[in-house]
Structure formats: C-alpha cells, structure tokens
Amino acid sequence: MLSAERRALFLLLGLAVAGHLLLAWTGRPADSGAPGDVRLLGPAGGSNLAAHRDSAALAGRPLAAGERIDLDRAGAAELVRLPRIGPGLARRIVEERAAHGPFGSLDGLRRVQGVGDGLLKAIESHASFSAAGQFPVPVPPVSPVSGPGPISPVEPTRGNPAPIDLNRASEAELERLPGVGPSLARRISEYRTRHGGFAAVDSLVRVAGIGPATLARLRGLVEVR
C-alpha cells in the first residue's frame, strides 16, 4: 500500500503531465510565462491600437479659433469635431460624398439626410469646401433695357437632354440629375405624393435638402407640365 508521501508525489507528477498535454493541445508555447503575466501586442495588434488611439484623440480635439475642416475631403473621425455632427451623421456625409461626389458648398451639404439650416449655421465658420466653384451655377441673362430676366429654359440637344417632368419622373430619373442622390430623389417623390405634385419648379425649395444653389443647377433640366 502506497504511503501518503508517494501518493502526493504521483499526484504532482500527474498534474504536471496533464498541464503539458493541455498546453500542447491549445498550441500555447510552454515558455509563454507564468499565469498572470502580461503579454504585449505584436506589431499588427500594436498598430491597430495606435490607429484607434490616434482616431480617438483626433475626434476629441476641440476646434481652434479660425480652424476649418474641408467637408469635400475630411474623414468621419475629423467631421465629428464639427458642432452638432455625431458619428452617425459624419458617416452619412462620407457615404453621400463617395456615392455622388463632393458638396462644393454648404448648400450642397443639404443632400445629406439630417442636415438642415440649424446645423449649417452652426458649422459655417468652421467649414471649407475644396471643390467650391466646380459646379457652375446658371446666370440669368441681362437685358440692356429691363435688367435681369428669368433664366431661359435649356433647349434640348444631343448633350443636353429634354427637361424631365417633376410630377411624373421616377426616382431613378430624378437620381440622374446633378446633385440629386437616392435620398433626395425619395424626398422629392414623397413631397409630390403628400402635396399632389409641384405647382412650379421653384416649389422644389420646399423639399428638405434643396436650396437656391441646387435649384439653380436644376433649372432647364426639370419642368412642371
């Protein structure tokens, strides 16, 4: 019959063998250190942690006096530094820009769902647009006698298609207009349904996301029959 000392020795040996078998099964190296040791991340993990830390630091940094952020280029982490822009809205701004091109102005930013007059006023002093001036705005012809007159309809040509009817165009047709993406086309369609159609092209400014600059770009491309 085994003595108590021998039984204890066999028990310890059995535990040691079981521990080595467990380490071999999990793939953990035997020299990985004692339990509780802290292991530093490798190069890949370290770079991801550094990138996350830098992004968080950028998002938390307040805007300096006179500092401006280019909304035609800035990423979501930089956009959240602007007043009243949270992560969700910053992501929508980046997605809208990627899908339909730069905004070019504060008015162009109205294409993004959730952007209204209050937000535009809040960010105006800190916003810049590197694509400003890339979207020509039609200028009313000037008469030497009567002064500025209405903008003449654009005549249909091979490169300039016939105007589409705001009261009959599908959302897919509306999306082909400059500065009109899926969300804005849907709001135009919803406004048309709620109000029984548009009485005039100028009524477009009643749709959220359409301001004077966008309306000017659409003149000659849309009509109300």
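Sequence positions, counted from 1, serve as the residue numbers for this chain. The basis for the numbers below is simple: all heavy atoms, side chains too, and nothing from hydrogens, waters or symmetry mates.
Of all the heavy atoms in Pro102 and Asp72, the pair that sits closest is CB-OD1, 3.4 Å. In terms of heavy atoms, Ile164 sits closest to Glu173 at CD1-O, 4.1 Å. Nearest heavy-atom pair across Ala185 and Val180 is N-CG1, 3.8 Å. Across all their heavy atoms, Arg68 and Ser125 have their closest contact at CZ-O, 3.5 Å. Pairing each heavy atom of Val80 with each of Ala90, the nearest pair is CG1-CB, 3.7 Å. Across Leu63 and Pro83, no two heavy atoms sit closer than the pair CD1-CD, 4.2 Å.
Environment of CD in Glu171: crowded, with over 12 heavy atoms of neighbouring residues, nucleotides or ligands closer than 6.0 Å.
Using a 4.0 Å cut-off between charged side-chain N and carboxylate O, Asp202 and Arg219 make a salt bridge. Using a cutoff of 4.0 Å between basic side-chain nitrogens and carboxylate oxygens, Arg81 and Glu67 are scored as salt-bridged.
Once rounded to the nearest 0.5 Å, the distance linking OG of Ser128 with CG of Leu71 reads 7.0 Å. Distance check, rounded to the nearest 0.5 Å: CG of Leu89 to CG of Leu79 gives 8.5 Å. One distance of note links CG of Leu221 with CZ of Arg176; it measures 12.5 Å at 0.5 Å rounding. Put simply, CG on Leu215 and CD1 on Ile210 are 7.5 Å apart, with the number rounded to the nearest 0.5 Å. The distance from atom CG of Leu184 to atom CD of Glu96, rounded to the nearest 0.5 Å, is 8.5 Å. Ser183 contributes atom OG, which lies 9.5 Å from atom CZ of Arg92 (distance to the nearest 0.5 angstrom).
Remark: Phe198 engages Tyr191 in a ring pair (Phe, Tyr, Trp, His ring centres under 6.0 Å) (not counting sequence neighbours). Listed by chain and number, the residues in a side-chain contact (heavy atoms from CB on, under 4.5 Å) with Arg73 are Asp70, Ser130 (sequence neighbours excluded). Taking Arg84 as the reference, Leu119, Ala122 meet the side-chain contact (heavy atoms from CB on, under 4.5 Å) condition, with sequence neighbours excluded. Applying the side-chain contact (heavy atoms from CB on, under 4.5 Å) criterion to Arg91, with sequence neighbours excluded, gives Glu95.
Residues in residues 179-198 take part in no salt bridge (Lys or Arg N to Asp or Glu O under 4.0 Å) pair, two or more places apart or across chains. Screening residues 115-127 for salt bridge (Lys or Arg N to Asp or Glu O under 4.0 Å) gives Arg110-Asp117 as the qualifying pairs, with residues at least two apart or on separate chains.
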Practice problem: Tell me, with the steps shown, if Val201 and Leu218 meet side chain to side chain contact (heavy atoms under 4.5 Å, CB included). | Solution: CA-CA 9 Å; Val201 172; Leu218 295 178; 5.9 Å; no
Quiz item: Would Ile85 and Ile93 satisfy side chain to side chain contact (heavy atoms under 4.5 Å, CB included), going step by step from the backbone distance to the final call?
Solution: CA-CA 10 Å; Ile85 294 185; Ile93 290 173; 4.0 Å; yes
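Considering only heavy atoms from C-beta on, Ile123 comes within 4.5 Å of Leu109 through its side chain. Considering only heavy atoms from C-beta on, Thr214 stays 4.5 Å or farther from Val205 through its side chain.
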